[in-house]
K.L.:
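Before anything else, here's the structure in question.
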2 protein chains.
Amino acid sequence: MAQVYLAVDLGGTRIRAARCRAEGTIEARTEVFTQADQGVEAVIARIESAVRSMWPTTSDTTAAIGLVAPGPIDPWTGVILTAPNLPGMVNLPLRDRLGDIFNVPVFIGNDANLAGLAEWRFGAARGYTDMVYLTVSTGIGGGVVSNGRLLLGSRGLAAELGHITIDRTDGVCNCGNVGCLEWLASGTAIVRQIVERLRDGEPSRIADLVHGDLDALNVEVVAQAALQGDAVATAVLNKSLRALGLGVTSLLHMFNPSIVVIGGGVSNLGARLFDSVRATVKQHVMDPRYICPIVPAHLSGDVGLLGALALALDPPPQRQA
Amino acid sequence: MAQVYLAVDLGGTRIRAARCRAEGTIEARTEVFTQADQGVEAVIARIESAVRSMWPTTSDTTAAIGLVAPGPIDPWTGVILTAPNLPGMVNLPLRDRLGDIFNVPVFIGNDANLAGLAEWRFGAARGYTDMVYLTVSTGIGGGVVSNGRLLLGSRGLAAELGHITIDRTDGVCNCGNVGCLEWLASGTAIVRQIVERLRDGEPSRIADLVHGDLDALNVEVVAQAALQGDAVATAVLNKSLRALGLGVTSLLHMFNPSIVVIGGGVSNLGARLFDSVRATVKQHVMDPRYICPIVPAHLSGDVGLLGALALALDPPPQRQA
């Protein structure tokens, strides 16, 4: 009789669930559409059904359920405070709801934080004591492990690494803060800056690459144009990646990690991104002792499930008085 | 027979030592000039003599010695890596040197980090689980307590809160990074910006306040000029305090503290500073859940000694594997 862990990745589009082993293997999985528009109770019913379909039918027992969800979550009470893309999920005590149904310990955490925890436990940062994880995608999220523990802050809202001001002279981010890293260096930010320059009439072949349909623009197209020597694409990429490098430099000064892991769609730029970030760090870090490996994430599509597993294996300790 | 703790505050100008009780009381103290120009061994001899003069002569026993020093220190080995204003102190195993002399446990830490720890243990942040401490003076330093522990990072270099980029379009900080909080909002930064504007010929009565001697300019004079309606003083103060507010906003997003404590000479601006920082935070924080008290430091001249005491009472745990 062995112990298994059930992991749930609750997203705006899909609910994924899996049966996992402590060492990080996924032995069964399922996936359904979230259909958040049908309301909170319908979503909870779909989570219940997905978890039930993963329940062990052998002599194995379920040790715990871990669940990741977007947006702010109280990691100690398992209450989803709000969830972008999941309308109606406000102050939802999802941990207790699932605990009542399944009668095993349930732990709930924020998706970006736990993607970091997954990389630390099972991926690129295995064996490091102090990690900064960034996911650079449509937005920029993060997770920090400090001396072997996930940094949560007083209300579980720490490590919003995309929302640090890098340029007080730039525009206001969706979050309300000024010149955030996300506003300057996310995939959305790269596309926005390209569109602005095209609208200003700067000559570029980017529009041709998407047959004039700027809505089809994405970071891959921008990278392709830059490779072909397009001046607008090159300028925007350089500027955005420099902002990312300055953001990482600030994070080194703040957290002094032993490794930085960067994931998310924009990190598929590969050497173009990592070489640029490393060069900016090297140029601007206050002391060479801060320099550490800056590496791509290892886990891709399963990072949510593995984050949920990592949480179930190692839930946050009680808060200090 | 009671236990006492000996605290040492090693600075570029003065060595201070004290005999303390665990509850934070200082029952005896001494102070000598550092005379760092006489070399490292002479400084160590003066530390030894200061500590010896504080040694209990009653039946009390010395439980431990705590020492704060400027610059990067390895908090686990007690090696001073480098120390600004203490020439020659490079890779100095001061913990072991003092341990060999006094044969009690010795703990050594960074002054800004431990000023934060002192405020957390004995001052403005007592009872809070998660604190961000900023000292705004000639430079900007910091300390972070996360879930009841000082944030150290992988090499003990974390929480350099003055060296996060706030404005990528601004100048290069002394540290080598671009547009740091310290570069924009320290006392030195405020004076520098005033001098630049005066040299550019902007009309101001500030020069009169220091009888034409711009070397005599300091933040108090700038504040006085602003109170009298001086446009240059008002503009520079507003801009610098806004940078400080944006810095604090980033720190809230990063660490989600339950309290922010601001000390250092520039915090003597009082309501002018705190009202401005709170207003910027309120305007730009990404979610009202991040808002927490932003308060002045309580401990003034003794913050170094109390930081050394706090360290001796609660040294950092061993690093996770």
Side-chain angles (χ1 to χ4, degrees), chain A residues 72 81-82 127-130 142 144 146-149 151-170 172-173 175-180 184 242-243 246-247 249-259 283-287 289-290 292 316-317 319-321, chain B residues 72 81-82 127-130 142 144 146-149 151-170 172-173 175-180 184 242-243 246-247 249-259 283-287 289-290 292 316-317 319-321:
Chain A
L81 302 173
T82 58
Y128 289 82
T129 56
D130 294 78
V144 173
S146 174
N147 198 30
R149 294 239 55 108
L151 184 88
L152 291 169
S154 64
R155 306 186 68 174
L157 308 175
E160 279 289 357
L161 308 185
H163 300 288
I164 55 176
T165 296
I166 302 293
D167 190 347
R168 63 173 169 177
T169 72
D170 213 291
V172 174
C173 181
C175 83
N177 194 12
V178 181
C180 286
L184 303 173
R242 181 166 162 82
L246 291 172
T249 306
S250 290
L251 296 172
L252 296 183
H253 293 167
M254 204 102 48
F255 296 110
N256 182 27
S258 38
I259 190 167
Q283 188 186 357
H284 290 300
V285 79
M286 62 189 292
D287 185 302
R289 293 183 188 90
Y290 284 95
C292 70
R319 276 187 278 197
Q320 298 288 323
Chain B
L81 303 173
T82 59
Y128 289 82
T129 56
D130 295 78
V144 173
S146 174
N147 199 30
R149 294 239 55 109
L151 183 87
L152 292 169
S154 64
R155 307 186 67 174
L157 307 175
E160 279 290 355
L161 309 184
H163 300 288
I164 55 175
T165 297
I166 302 293
D167 189 346
R168 62 172 169 178
T169 72
D170 213 291
V172 174
C173 180
C175 83
N177 195 12
V178 182
C180 286
L184 303 172
R242 181 165 162 82
L246 291 172
T249 305
S250 289
L251 296 172
L252 296 183
H253 294 167
M254 205 100 49
F255 296 109
N256 182 27
S258 38
I259 189 167
Q283 187 186 358
H284 290 299
V285 80
M286 64 190 287
D287 185 302
R289 292 183 189 92
Y290 284 94
C292 69
R319 277 187 278 197
Q320 298 287 321

K.L.:
For the atom pair CE (Met254(B)) and CE (Met254(A)), what is the distance rounded to the nearest 0.5 Å?
P.N.:
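So the gap between those two atoms works out to 3.5 Å.
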K.L.:
Go through the steps for Arg155(A) and Tyr290(B) under the test side chain to side chain contact (heavy atoms under 4.5 Å, CB included), then give the verdict.
P.N.:
CA-CA 8 Å; Arg155(A) 306 186 68 174; Tyr290(B) 284 94; over 6 Å; no
K.L.:
Which residue out of Leu252(B), Val172(B), Asp167(B) racks up the most heavy-atom pairs below 4.5 Å with chain A?
P.N.:
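Maximum pair count with chain A is reached by Asp167(B).
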K.L.:
As an exercise: rank Ile259(A), Val285(A), Leu81(A) by heavy-atom pairs under 4.5 Å with chain B and give me the winner.
P.N.:
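Of the candidates given, the most pairs with chain B belong to Leu81(A).
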K.L.:
Mind checking the CD1-OG spacing from Ile166(B) to Ser250(A)? Nearest 0.5 Å is all I need.
P.N.:
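It is 7.0 Å, given to the nearest 0.5 Å.
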K.L.:
What residue, out of Val178(B), Thr249(B), Leu161(B), has the most heavy-atom pairs lying under 4.5 Å from chain A?
P.N.:
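So the answer, after comparing Val178(B), Thr249(B), Leu161(B), is Val178(B).
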K.L.:
Can you list the steps and then say if Arg289(A) with Thr82(B) is a side chain to side chain contact (heavy atoms under 4.5 Å, CB included)?
P.N.:
CA-CA 11 Å; Arg289(A) 293 183 188 90; Thr82(B) 59; 3.8 Å; yes
K.L.:
May I have the step-by-step check of side chain to side chain contact (heavy atoms under 4.5 Å, CB included) for Asn256(A) and Leu152(B), ending in yes or no?
P.N.:
CA-CA 8 Å; Asn256(A) 182 27; Leu152(B) 292 169; over 6 Å; no
K.L.:
Does the plane of the ring in Phe255(A) sit parallel, tilted or perpendicular to the ring in Phe255(B)? Use 30° and 60° as the thresholds.
P.N.:
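Taking Phe255(B) first and then Phe255(A), their aromatic rings sit tilted (interplane angle of 30° to 60°).
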K.L.:
Could you work out, with salt bridge (charged side-chain N to carboxylate O under 4.0 Å, His left out) as the rule, every residue matching Arg242(A), not counting sequence neighbours?
P.N.:
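Scan of Arg242(A) (salt bridge (charged side-chain N to carboxylate O under 4.0 Å, His left out), adjacent residues dropped) gives none.
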K.L.:
Distance from Leu157(B) atom CG to Asp130(A) atom CG, nearest 0.5 Å?
P.N.:
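CG of Asp130(A) is found 10.5 Å from CG of Leu157(B).
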K.L.:
Side chain, backbone, both or neither: which part of Ser258(B) has a heavy atom under 4.5 Å from chain A?
P.N.:
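Both parts, backbone and side chain.
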K.L.:
If I take atom NE2 from residue His284(A) and atom SG from residue Cys175(B), how far apart are they, to the nearest 0.5 angstrom?
P.N.:
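Separation between the atoms: 10.0 Å.
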K.L.:
Mind checking the CG-NE2 spacing from Asn177(B) to His253(A)? Nearest 0.5 Å is all I need.
P.N.:
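Answer rounded to 0.5 Å: 5.5 Å.
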K.L.:
Can Arg168(B) and Asp170(A) be said to form a salt bridge (charged side-chain N to carboxylate O under 4.0 Å, His left out), step by step?
P.N.:
CA-CA 10 Å; Arg168(B) 62 172 169 178; Asp170(A) 213 291; 3.0 Å; yes
K.L.:
Check each atom of Leu184(A) against the heavy atoms of chain B and say whether the ones under 4.5 Å are side chain, backbone, both or neither.
P.N.:
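Contact with chain B involves the side chain of Leu184(A) alone.
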K.L.:
In terms of heavy-atom proximity below 4.5 Å to chain B, should Ser146(A) be classed as side chain, backbone, both, or neither?
P.N.:
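Just the side chain, heavy atoms under 4.5 Å.
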K.L.:
Let me know if Val144(A) has heavy atoms under 4.5 Å from chain B in its side chain, its backbone, both or neither.
P.N.:
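When you check distances to chain B, no heavy atom of Val144(A) falls under 4.5 Å.
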K.L.:
Name the region of Leu151(A), side chain, backbone, both or neither, that has any atom closer than 4.5 Å to a heavy atom of chain B.
P.N.:
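When you check distances to chain B, only side chain atoms of Leu151(A) fall under 4.5 Å.
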K.L.:
Using non-hydrogen atoms and a 4.5 Å limit, figure out which bit of Leu251(B) sits close to chain A: side chain, backbone, both or neither.
P.N.:
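For Leu251(B), the side chain is the part near chain A, not the backbone.
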K.L.:
Quick check on Pro72(B) against chain A: is it the side chain, the backbone, both or neither that has a heavy atom closer than 4.5 Å?
P.N.:
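Just the side chain, heavy atoms under 4.5 Å.
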